[in-house]
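Provided herewith is a single structure, encoded as structure tokens, for subsequent inquiry.
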Amino acid sequence: DTAVSQTPKYLVTQMGNDKSIKCEQNLGHDTMYWYKQDSKKFLKIMFSYNNKELIINETVPNRFSPKSPDKAHLNLHINSLELGDSAVYFCASSQGAGVQETQYFGPGTRLLVL
Amino acid sequence: QKEVEQNSGPLSVPEGAIASLNCTYSDRGSQSFFWYRQYSGKSPELIMFIYSNGDKEDGRFTAQLNKASQYVSLLIRDSQPSDSATYLCAVNTPGFKTIFGAGTRLFVKA
């Protein structure tokens with residue numbers, strides 16, 4: 001009964017491929033996030049959805065496209081993968097989008113682009 | 001200037017000592033502050049949050065906030081080897097965006 005789950009846990013792929021990462025939360029939260037953690041462990045927000053609506057869209061290449069089919073799911077599709085996309089991608093969720101909300105993180109997806 | 005700054009460490013303390021982790025932030029309008037712990041190869045997990053100036057204690061952990069100085073810290077008393085991890089300071093900005101610091105690596109020597 002994992003609170004925030006991601007699939008796959010590991011993803012090894014070639015440059016130029018298209019891949020998707022899926023995230024699901026069973027906490028009943030309204031808000032979900034995608035973060036990228038690079039090799040220097042710097043965790044940076046990419047997108048945030050509140051009730052299936054995009055509320056945060058950081059400066060991320062257009063190759064990255066999030067999709068939220070419902071409040072419990074937030075998927076990330078990446079087109080034309082590049083070497084620099086190699087990182088750990090974390091999904092997170094919070095009760096709402098307010099400034100005092102605590103975020104709960106999934107286990108991460110380790111993406112390696114060769 | 002980075003939005004949230006932390007000393008990357010590593011910070012090494014002996015078992016039983018107090019570990020002091022510091023964080024500064026640039027957006028004066030920031031309202032809430034969080035400390036997350038991240039073990040190697042794992043996801044961040046919340047240790048504490050603090051919204052008001054002053055100290056907040058939870059077991060061996062104390063968070064301190066000084067909004068005038070734009071400074072937040074985490075003290076870990078009676079440090080244990082199991083506390084060895086990277087500690088991430090996170091700040092929620094008025095734009096509802098969470099900004100993370102780069103983290104401080106803590107080593108607690110047995």
Side-chain angles (χ1 to χ4, degrees), chain A residues 2-7 9-10 21 23-25 27 29-51 53-60 87-112, chain B residues 2-11 21 23 25 27-52 56 58 61 63 65 67 72 84-107:
Chain A
T2 307
V4 182
S5 59
Q6 295 179 229
T7 53
K9 283 190 177 177
Y10 300 95
I21 307 172
C23 178
E24 176 180 2
Q25 53 95 3
L27 297 167
H29 288 170
D30 287 342
T31 309
M32 296 184 73
Y33 312 80
W34 276 113
Y35 285 88
K36 179 181 179 181
Q37 189 169 46
D38 59 27
S39 56
K40 295 182 180 177
K41 305 303 181 186
F42 190 53
L43 194 63
K44 187 163 185 192
I45 189 157
M46 301 172 69
F47 303 102
S48 176
Y49 273 73
N50 186 57
N51 280 319
E53 297 294 324
L54 181 67
I55 58 171
I56 293 175
N57 185 355
E58 285 298 282
T59 308
V60 175
V88 182
Y89 291 84
F90 287 103
C91 175
S93 73
S94 61
Q95 185 67 54
V99 292
Q100 295 190 345
E101 298 293 342
T102 297
Q103 295 179 30
Y104 297 85
F105 285 81
T109 295
R110 283 144 187 84
L111 171 65
L112 178 60
Chain B
K2 290 181 186 171
E3 294 177 89
V4 177
E5 292 209 55
Q6 296 180 253
N7 187 328
S8 62
L11 173 65
L21 305 163
C23 173
Y25 59 95
D27 190 332
R28 279 198 171 273
S30 299
Q31 299 179 37
S32 48
F33 308 86
F34 304 81
W35 283 99
Y36 287 84
R37 177 177 61 200
Q38 186 174 25
Y39 290 113
S40 181
K42 301 294 184 182
S43 57
E45 54 178 339
L46 182 73
I47 298 294
M48 290 193 71
F49 58 84
I50 185 167
Y51 308 140
S52 305
K56 179 181 178 183
D58 183 1
F61 299 94
L65 175 61
K67 289 186 178 180
V72 59
S84 299
T86 296
Y87 289 80
L88 304 172
C89 172
V91 174
N92 276 6
T93 67
F96 305 110
K97 195 167 62 173
T98 302
I99 308 295
F100 281 82
T104 298
R105 285 187 300 149
L106 172 66
F107 288 111

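Throughout, protein chains are lettered first and strands after them, A, B, ... in sequence-line order, and every chain is numbered starting at 1. All of these numbers come straight from a predicted model, not from anything done at the bench.
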Open item on the list: For chain A, which candidate among B/Ser32, B/Pro44, B/Ser8 shows the most heavy-atom pairs at distances under 4.5 Å?
Closed with: B/Pro44
Open item on the list: Please identify, among B/Tyr36, B/Phe49, B/Phe33, the residue contributing the most non-hydrogen atom pairs under 4.5 Å to chain A.
Closed with: B/Tyr36
Open item on the list: Does any backbone or side-chain atom of B/Ile99 lie under 4.5 Å from a heavy atom of chain A? Answer side chain, backbone, both or neither.
Closed with: neither
- [ ] Fit a plane to each ring of A/Phe105 and A/Tyr35, take the angle between them on a 0 to 90° scale, and name the class: parallel (under 30°), tilted (30 to 60°) or perpendicular (over 60°).
- [x] tilted
- [ ] Measure distances from A/Ile56 to the heavy atoms of chain B and classify the residue's part below 4.5 Å as side chain, backbone, both or neither.
- [x] side chain
Open item on the list: With rounding to the nearest 0.5 angstrom, report the OH to CH2 distance, A/Tyr49 to A/Trp34.
Closed with: 12.0 Å
- [ ] Could you tell me whether the side chain of B/Gln6 and the main chain of B/Leu21 form a donor-acceptor pair under 3.5 Å?
- [x] no
Task: Interchain contact, B/Gln38 with chain A, by part (heavy-atom threshold 4.5 Å) - done: side chain
Open item on the list: Quick check: closest heavy atoms across B/Leu88 and B/Gly101, and the distance to 0.1 Å?
Closed with: CD2-O, 3.9 Å
TODO: Mind checking the SG-CG spacing from B/Cys23 to B/Asn7? Nearest 0.5 Å is all I need.
DONE: 11.5 Å
Open item on the list: One pair to check against side-chain contact (heavy atoms from CB on, under 4.5 Å): A/Tyr104 and A/Ser94. What are the steps and the verdict?
Closed with: CA-CA 6 Å; A/Tyr104 297 85; A/Ser94 61; 5.7 Å; no
Open item on the list: Using heavy-atom distances under 4.5 Å, tell me whether A/Thr102 contacts chain B through its side chain, its backbone, both, or neither.
Closed with: both
TODO: Measure distances from B/Lys97 to the heavy atoms of chain A and classify the residue's part below 4.5 Å as side chain, backbone, both or neither.
DONE: both
- [ ] Examine whether an atom of A/Glu101 lies under 4.5 Å from a heavy atom of chain B, and if so say whether it belongs to the side chain, the backbone or both; otherwise answer neither.
- [x] backbone
